[in-house]
Amino acid sequence: MSPRSFPGRRSVLRGSLAASAALALPAAGPTPAFARSGRPEAKWGVQTGDVTHDSGLVWVRSDRPARMIVETSATESFHRPQRRHGPLLGPGTDFTGTTRLHGLPAGEQIHYRVRLADPDDPRRSGEPVTGTFRTVPARRREGVRFVWSGDLAGQGWGINPDFGGYRIFEAMARTDPDFFLFSGDTVYADGPIPATAALPDGSIWRNITTQEKSKVAETLAEFRGNFRYNLLDEHFRRFNAQVPSIVQWDDHEVRNNWYPGQRIADTDSRYTEKSVDVLAARARRAFSEYFPMSTLRPGDREGRVHRVLRQGPLLDVFVLDMRTYRNANSPGDQAVDPQGILGREQLEWLKRELARSRAVWKVIAADMPLGLIVSDTGEGAQHVEAVAQGDPGAPLGRELQIAELLRFIKHRRITGTVWLTADVHHTSAQHYQPARAAFGDFEPFWEFVSGPLNAGAFPASALDGTFGPERVFVKAPTAANVSPAGGHQFFGEVDIDGDSGELTVRLREQDGTVLYAKRLQPGLVGQ
């Protein structure tokens, strides 16, 4: 990567994030009544999202009604800052809010601080919380670096102070990324966090617990509490203040393996609300409140997760939503399947955006893998949860839609597509080759898998031969639901060199150790 003209975030943050890191840990129990005495506080930190070359969204949560005020500066001394008045934070958004920053310089380090002011007396404001981010470069030679992963606090493995909390975020921060692609399962709304869990060696895993994490989420308050839980971790808060995010969702923001129109069985006594559509609407609202997303802000008309984030001449990121528009999980053996996993409207949107992209690299951020078999055991042993349905022959079911997309990419001569995903709780690299495939009307491509961040790790999924995947690398446990203490926590890094245009993928362990690396050349196919 070409040398950058700004100081590394790590040195920048030593001073500017001291206030954020020093914030008292928010109460782990039930949220107290919002007092009107004292000054508003932002105990859950700050974060930025969907940053472009001249804009970005800044997020905060207050502990009481407050006016959000954001100041930005080119330096951490905040000499002559620019001030922007944001929304009034209140119970309608669980006291969260975002402010959109416009007119920022491209490719520059932006320092910001958020103040929360008493709405009745603006002179009464809390201590500012600071953060920093870099806007998207306008010039190719500046290069791009980002990290990705998913699956946070799943299978009952929550924040364990004895383990060091979500320490994987410290390792990700050390790579000095331009942004973090959060690839879904950002919370486990269907996964309660117990106070303790037994480990194979006889020791005890001890979680921080909250009332909202004591059961599966059904009410809006419980879904909000799931997102708030992760912000109890200091590593996560510090990372959020340092690295902007691009976020997507998958199933566990609502319920395991959910799809629109699903009804929860009467025998599942954990849920009194049996309509998954009702649960999904509540989860989507909480999701929009707790992440700064350009197309899913509270009150926005667009209201969608899928979007494209243009990261300069080298990179466009196409964020998919493989949950909202899918058809029901089934054996996946139908010969005609127009709805598939993306829905017709999202598929056509993706085709249009890929065709108009002029970026050297086009990362397709999928919340589920393509050729790895993921079954829905809750619906029956033969039901398919992802795309691959286990038959290595011609495309059937949801594979038909992916075949249509891959054919389109080939015939429109779209180069530089790379698929990134999480979901399966191990890390691997797959190369898809038409010479090995039952369906051959596509150009070869790579798919890289990472995760989990802090959740149970699972054995590697089997491959489906329809699109000819070859697993070039994999690291996964042999047992199911291995705790974070047992290792197998992963994230990936993508580094695009500004001079050569080469894209290097590194699959890393939770301490940052590189397990596998692959370098791809720009403008080529069949790598």
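FYI, the numbering just counts along the sequence from 1.
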[X] bridged to [Y] by N-O distance under 4.0 Å:
{"X": "Arg310", "Y": "Glu353", "answer": "yes"}
{"X": "Arg255", "Y": "Asp190", "answer": "no"}
{"X": "Lys43", "Y": "Asp63", "answer": "no"}
{"X": "Arg307", "Y": "Asp50", "answer": "yes"}
{"X": "Asp321", "Y": "Arg304", "answer": "no"}
{"X": "Asp178", "Y": "Arg134", "answer": "yes"}
{"X": "Arg224", "Y": "Glu212", "answer": "no"}
{"X": "Arg228", "Y": "Asp94", "answer": "yes"}
{"X": "Arg139", "Y": "Glu142", "answer": "yes"}
{"X": "Arg61", "Y": "Glu289", "answer": "no"}
{"X": "Asp118", "Y": "Arg39", "answer": "no"}

Flag yes if more than 12 heavy atoms outside Glu348 fall under 6.0 Å of its CD atom; otherwise flag no.
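Yes, CD of Glu348 has more than 12 neighbouring heavy atoms, counting only those of other groups under 6.0 Å.
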For Arg123, enumerate each residue passing the salt bridge (Lys or Arg N to Asp or Glu O under 4.0 Å) test, keeping only those at least two apart in sequence or located in another chain.
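With sequence neighbours excluded, Arg123 shows a salt bridge (Lys or Arg N to Asp or Glu O under 4.0 Å) to Asp121, given in chain and number order.
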Got a sec, which residues hit side-chain hydrogen bond (donor to acceptor under 3.5 Å, both in side chains) with Arg412, two or more places apart in sequence or on another chain?
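Checked Arg412 against side-chain hydrogen bond (donor to acceptor under 3.5 Å, both in side chains); zero matches.
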Geometric cation-pi criterion, Arg113 with Phe78: 6.0 Å, 45°
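Yes, Arg113 sits over the ring of Phe78.
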With a 6.0 Å cut-off on the ring centroids, do Phe291 and Phe287 count as close?
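Ring-ring flag for Phe291/Phe287: true, centres closer than 6.0 Å.
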Is it true that Tyr188 and His252 have ring centroids separated by less than 6.0 Å?
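Judged by ring-centre distance (under 6.0 Å), Tyr188 and His252 do meet the cut-off.
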If I take atom CG from residue Leu181 and atom OG from residue Ser450, how far apart are they, to the nearest 0.5 angstrom?
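Going from CG on Leu181 over to OG on Ser450, the span is 10.5 Å.
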Is a side-chain donor-acceptor pair under 3.5 Å present for Thr132 with Gln109?
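Yes, Thr132 and Gln109 have a side-chain donor paired with an acceptor closer than 3.5 Å.
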Are Gln489 and Glu509 linked by a side-chain donor-acceptor pair shorter than 3.5 Å?
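On atom types as modelled, these side chains do not qualify, holding no pair under 3.5 Å.
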Just by modelled atom types, is the [Y] backbone N or O under 3.5 Å from a matching donor or acceptor in the [X] side chain?
{"X": "Asp54", "Y": "Pro105", "value": "no"}
{"X": "Asn230", "Y": "Thr186", "value": "yes"}
{"X": "Tyr229", "Y": "Ile159", "value": "yes"}

